[in-house]
There are 2 protein chains.
Amino acid sequence: MRRPPVARRPSPVAPPAARPGRALAPFARVREQLRTELEQGRFAPGARMPSEAELVARFGVARMTVHRALRELQAAGLVERIQGVGTFAATGPKLASTLTIRDLHDEIVGRGHRHHAIVHLQRAEAAPRAVAARLALAEGAIAFHSLIVHHDNELPLQCEDRWVNPARAPGYLGVDFTRTTPTHYLLEVAPAWEANYTVEAATASAREARLLGLERSAPCLIVTRRTVSRGMPVTLARLVHPGTRYLLQGQFRP
Amino acid sequence: MRRPPVARRPSPVAPPAARPGRALAPFARVREQLRTELEQGRFAPGARMPSEAELVARFGVARMTVHRALRELQAAGLVERIQGVGTFAATGPKLASTLTIRDLHDEIVGRGHRHHAIVHLQRAEAAPRAVAARLALAEGAIAFHSLIVHHDNELPLQCEDRWVNPARAPGYLGVDFTRTTPTHYLLEVAPAWEANYTVEAATASAREARLLGLERSAPCLIVTRRTVSRGMPVTLARLVHPGTRYLLQGQFRP
DNA sequence: TGCATAGCATTGTCTAGACAAGTAGCATCG
DNA sequence: CGATGCTACTTGTCTAGACAATGCTATGCA
């Protein structure tokens with residue numbers, strides 16, 4: 001049942017209508033207008049911007065609408081806001097940026113190539129001291145260990161040496177990793193709620209070089225990843241990529 | 001109207017949600033409660049979550065308050081929302097993560113070390129074809145070229161080979177880069193509104209290896225960065241780091 | 001049976017008003 | 001002169017209602 005229409009302030013233009021070529025919602029219109037002005041240097045870094053009240057008058061919308069636009073610009077790092085003081089164009093450099101690390105399987109399939117994995121190792125093993133410490137296990141405790149080489153159209157692209165906390169993924173040894181990737185499986189049984197990465201350039205170990213079909217001295221891009229779920233470490237992975245065949249890409253837009 | 005504070009650098013903004021000893025705002029309370037339940041696996045990935053109306057009844061707040069909480073969870077990638085259908089726990093793919101690339105100067109100083117740069121080249125030059133294309137210059141056009149080695153406590157840590165679009169940074173050749181970094185200068189004259197990165201492992205060129213004091217075959221972490229401001233390319237940088245002395249670190253929390 | 005349509009649940013957004021909280025300037029008081 | 005409180009301004013948030021847009025489902029009709 002439709003509610004009976006009630007007197008509503010008439011809008012000069014159809015506001016919230018928006019198909020592909022539709023007009024932006026008012027809050028988005030305000031946001032984009034301010035973003036454009038910021039990009040064009042209309043406000044020097046650190047300079048005071050119009051107050052919410054002024055923007056309300058300028059755009060003819062409610063204060064909550066302006067507030068949302070400004071809140072999103074703040075979340076994007078384009079402005080800084082201080083309660084009781086005002087809104088300011090963000091000073092300072094976006095000196096920090098981000099880089100996306102995608103799952104290898106998705107990346108290969110996304111390129112339209114075929115992903116193919118060879119499992120060289122998948123067993124329970126006593127964890128070396130360094131591994132045990134990072135997985136919060138007792139020294140010498142049993143953990144799951146796998147060593148898998150991933151291929152992009154038959155070309156080896158990643159050597160994945162992984163240790164898994166057995167308490168968090170008891171079925172790990174029974175999974176067929178030629179059909180799914182450890183990453184996918186682990187994300188299913190223990191969603192990653194925290195992850196640490198490091199990226200470095202180095203040479204692979206002798207075994208890794210052999211598995212990847214590389215010279216021992218070939219530069220490799222090595223990603224080390226540790227994930228934590230519900231406060232407990234889940235897995236520790238060392239991902240070795242041939243430097244000539246793999247690179248990380250990132251993009252940044254405020 | 002109130003006198004605006006003169007070029008005031010807003011001090012560390014205290015997020016209103018993170019004040020110790022103060023009750024969370026209702027929208028934050030709802031958000032955190034749902035985040036906790038998601039982390040504890042209360043909703044399987046892809047499962048339907050309570051509707052806004054149900055949450056309104058459960059928490060005793062207005063719908064806009066619940067809506068904001070859900071919108072922030074959506075922005076964080078924890079839930080997916082479909083107009084007309086409902087809200088769902090995000091399905092697995094935390095498969096993409098982010099890695100922070102910090103400015104080298106900040107990183108060195110942040111470690112409490114001393115940053116020291118040696119300028120090997122800083123002049124106008126005809127841009128090679130590949131560079132000209134990526135800077136949107138005519139082939140053979142003049143561009144600014146600099147080659148600087150950055151040291152962390154006298155240890156060479158980065159070789160920065162940079163091309164700059166002269167139209168966007170006319171004063172580039174006059175800057176003393178032993179006192180400031182090109183990154184800082186360029187962000188001042190042309191705030192980066194878009195950036196692309198690639199990260200790869202490779203060997204340095206002969207000259208780069210010499211400048212960094214490396215063997216020709218030493219693996220290096222090479223970052224290539226291109227920034228665009230107001231739709232026009234500003235700069236193209238190739239940053240070569242010794243693989244043994246430098247690594248990128250990243251952290252991820254939803 | 002097949003299809004158009006009405007109804008409903010759900011999310012998306014806007015509004016107007018209200019109060020809270022934080023800051024800065026000014027006037028007053030001791 | 002300093003401390004104090006007042007006031008104006010700003011951002012932060014909540015509320016209740018309304019309407020828009022979307023997708024699913026059931027119903028009625030041909």
Side-chain angles (χ1 to χ4, degrees), chain A residues 1-32 34 48-57 59-75 79-88, chain B residues 1-6 8-19 21-32 34 47-57 59-75 79-89:
Chain A
M1 173 201 316
R2 298 241 165 218
R3 294 182 192 85
V6 172
R8 185 174 187 252
R9 208 189 72 169
S11 325
V13 211
R19 287 287 165 292
R22 221 164 0 176
L24 286 176
F27 83 90
R29 191 170 58 90
V30 174
R31 186 206 334 125
E32 292 311 309
L34 292 175
R48 185 193 201 98
M49 296 188 56
S51 71
E52 295 187 358
E54 288 168 326
L55 293 171
V56 163
F59 288 98
V61 297
R63 196 188 138 220
M64 280 293 287
T65 304
V66 164
H67 184 77
R68 175 167 174 191
L70 289 171
R71 185 147 40 78
E72 296 197 355
L73 290 174
Q74 181 183 31
V79 305
E80 298 185 28
R81 317 195 70 200
I82 306 174
Q83 184 173 0
V85 182
T87 303
F88 305 85
Chain B
M1 174 156 172
R2 164 166 291 236
R3 183 174 60 84
V6 198
R8 182 178 188 274
R9 173 67 168 84
S11 45
V13 171
R19 247 123 72 208
R22 212 187 221 88
L24 286 178
F27 84 90
R29 191 170 59 91
V30 174
R31 190 215 319 132
E32 291 312 310
L34 291 175
R48 183 190 204 98
M49 297 187 56
S51 71
E52 294 187 356
E54 288 169 324
L55 293 171
V56 163
F59 288 99
V61 296
R63 193 187 142 223
M64 280 293 287
T65 304
V66 164
H67 184 78
R68 176 168 175 189
L70 288 171
R71 185 148 40 77
E72 297 198 353
L73 290 174
Q74 182 183 30
V79 305
E80 296 182 22
R81 317 196 70 200
I82 306 176
Q83 184 172 359
V85 182
T87 303
F88 304 87

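Chain naming here is simple, since letters A, B, ... match the order of the sequence lines and numbering starts at 1 in each. No hydrogens, no waters, no symmetry mates; every other heavy atom, side chains included, goes into these values.
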Looking at B:R29, is its backbone amide N or carbonyl O close enough to the side chain of B:E32 to form a donor-acceptor pair, meaning the two atoms are under 3.5 Å apart? no
As a test of reading the structure: which of [options] is closest to the side chain of [X], going by heavy atoms?
X	options	value
A:T87	D:dC14, D:dT11, D:dT22	D:dT11
A:T65	C:dT11, D:dT10, C:dT15	C:dT15
A:H67	D:dG12, C:dG12, C:dT13	D:dG12
B:Q83	D:dT22, D:dG12, C:dT15	D:dT22
B:S51	C:dT10, C:dC14, C:dG12	C:dT10
A:P26	D:dT11, C:dC14, D:dT13	C:dC14
A:V61	C:dG12, C:dT15, D:dT13	C:dT15

Report the distance from atom [atom1] of [X] to atom [atom2] of [N], rounded to the nearest whole Å.
X	N	atom1	atom2	answer
A:R68	D:dT11	CZ	P	18 Å
B:L70	C:dG12	CG	C1'	12 Å
A:E52	C:dC19	CD	C1'	15 Å
A:L55	D:dC9	CG	P	17 Å
B:F27	C:dC19	CZ	P	21 Å
B:I82	D:dG23	CD1	P	9 Å
B:M49	C:dT11	CE	C1'	14 Å
B:E54	C:dT10	CD	C1'	11 Å

Validation row: [X], [Y] side chains within 4.5 angstrom (heavy atoms):
X	Y	answer
B:L34	B:L70	yes
A:H67	A:F27	no
A:R71	B:R68	yes

Closer than 4.0 Å, any side-chain N/O of A:R71 to the OP1 or OP2 of D:dG12? no
First locate atom CD of A:E80, then atom OG1 of A:T87, and finally report the distance between them rounded to the nearest 0.5 Å. 10.5 Å
B:R48 or B:M64: which one's nearest nucleotide on DNA chain C is closer to the 5' end? B:R48
Base, sugar-phosphate, or nothing: which does A:R63 touch, judged by heavy atoms less than 4.0 Å apart? base
